[in-house]
Amino acid sequence: SLSNVDRVVSDIAFTKVNGYIEADQTSDKDIPNDKLIVAKYLRFRFLDSQSNEYIPAKELIDNLEAITGRRISSHELRTRIIAPLRDEQVIIASSSMGYKLPKKLPDINDFLENGQKMIIPMLDRVKKCRDIVKKATIGELDVVDRDETRKLSILVNALDNEQELH
């Protein structure tokens, strides 16, 4: 049986994907919408599956191709479909094994840990670049201290502060 937290995770994942699918039904019917097709497949597997398995990217791509006749790359799946669905508040868990709508808190934790494995090393590299330029200019130039990279600056500074704590 699901714990209360897992039930909340499962319910909100289902509610969000349904909201997206219902809202999208009103858009242009003549154009096959890749995001809608993938959202419906994720929901189908969420409802159909007794298990809680991840859906490999290849399976999502194969399903999309069967419906649209077009084949996309796994990069396109990530950037043109999964990321925009997440931007639309569809909660999609991911790991090296694929994608799914989360049924339990550990599914969301997988997504967060997977994200951290990519985000933190990238931030560390940005910080190194910033530190090298700052040192070379004797503190005169902080390359991330600009309006265009304000959020990045906040994150790099937070990383600085976090590293000072250890």
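Below, all heavy atoms of this structure are taken into account, side chains as well, without hydrogens, waters or symmetry copies. We number each residue from 1, following the sequence as shown.
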Would you say [X] and [Y] are hydrophobically clustered, going by side-chain heavy atoms of ILVMFWY under 4.5 Å?
{"X": "Val9", "Y": "Leu112", "value": "yes"}
{"X": "Leu47", "Y": "Ile37", "value": "yes"}
{"X": "Ile120", "Y": "Leu155", "value": "yes"}
{"X": "Leu36", "Y": "Phe44", "value": "yes"}
{"X": "Ile21", "Y": "Val90", "value": "yes"}

*Should the pair Lys103 and Phe46 be classed as cation-pi, given the thresholds of under 6.0 Å to the six-membered ring centre and 45° from the axis?*
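That pair qualifies as a cation-pi contact.
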
I want to check something: taking the side chain as every heavy atom from C-beta on, are [X] and [Y] in contact at a cut-off of under 4.5 Å?
{"X": "Leu42", "Y": "Leu60", "value": "yes"}
{"X": "Asp6", "Y": "Pro106", "value": "yes"}
{"X": "Asn18", "Y": "Glu22", "value": "yes"}
{"X": "Ile81", "Y": "Glu76", "value": "no"}
{"X": "Ile82", "Y": "Leu77", "value": "yes"}
{"X": "Ile55", "Y": "Tyr41", "value": "yes"}
{"X": "Leu85", "Y": "Tyr20", "value": "yes"}
{"X": "Leu64", "Y": "Arg70", "value": "no"}

Minimum-distance pair of heavy atoms, taken over all atoms of [X] and [Y]:
{"X": "Ala57", "Y": "Tyr99", "answer": "CB-CE1, 4.2 Å"}
{"X": "Lys58", "Y": "Arg71", "answer": "CG-NH2, 4.3 Å"}
{"X": "Ala13", "Y": "Pro102", "answer": "CB-O, 3.5 Å"}

*asked:* Who clusters with Tyr54? Use side-chain heavy atoms, under 4.5 angstrom, across I, L, V, M, F, W and Y, and order the result by chain and number.
replied: Met97

Side chain [X], main chain [Y], donor-acceptor under 3.5 Å:
{"X": "Arg78", "Y": "Ala83", "value": "no"}
{"X": "Asp107", "Y": "Lys104", "value": "yes"}
{"X": "Lys100", "Y": "Glu53", "value": "no"}
{"X": "Asn114", "Y": "Asp110", "value": "no"}
{"X": "Thr79", "Y": "His75", "value": "yes"}

*Between Asn63 and Arg45, does any side-chain donor sit less than 3.5 Å from a side-chain acceptor?*
no

*Please step through side-chain contact (heavy atoms from CB on, under 4.5 Å) for the pair Lys117 and Ser96, ending with a clear verdict.*
CA-CA 11 Å; Lys117 281 183 202 157; Ser96 58; over 6 Å; no

Rounded distance (nearest 0.5 Å) linking atom [atom1] of [X] with atom [atom2] of [Y]:
{"X": "Leu101", "Y": "Lys16", "atom1": "CG", "atom2": "NZ", "result": "13.0 Å"}
{"X": "Ile61", "Y": "Asp34", "atom1": "CD1", "atom2": "CG", "result": "11.0 Å"}
{"X": "Ile108", "Y": "Ile12", "atom1": "CD1", "atom2": "CD1", "result": "9.5 Å"}

*Might you confirm whether atom CD of Gln89 has over 12 heavy atoms from other residues, nucleotides or ligands at distances under 6.0 Å?*
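Open: at most 12 neighbouring heavy atoms sit under 6.0 Å from CD of Gln89.
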
*Single hit among Lys127, Lys135, Lys134, Lys128 for salt bridge (charged side-chain N to carboxylate O under 4.0 Å, His left out) with Asp131*: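 With Asp131 as partner, salt bridge (charged side-chain N to carboxylate O under 4.0 Å, His left out) holds for just one option, Lys127.
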
Extract all donor-acceptor atom pairs below 3.5 Å that involve side chains of residues 140-150 and protein atoms in other chains or at least two apart in sequence.
from	atom 1	to	atom 2	distance (Å)
Asp142	OD1	Val144	N	3.2
Thr149	OG1	Val144	O	2.8

*Checking side-chain contact (heavy atoms from CB on, under 4.5 Å) for the pair Val126/Leu159: CA distance, chi angles, key distance, verdict?*
CA-CA 11 Å; Val126 168; Leu159 207 56; over 6 Å; no

*Candidate pair Glu88 and Val17, rule side-chain contact (heavy atoms from CB on, under 4.5 Å), full reasoning*: CA-CA 9 Å; Glu88 297 271 350; Val17 77; over 6 Å; no

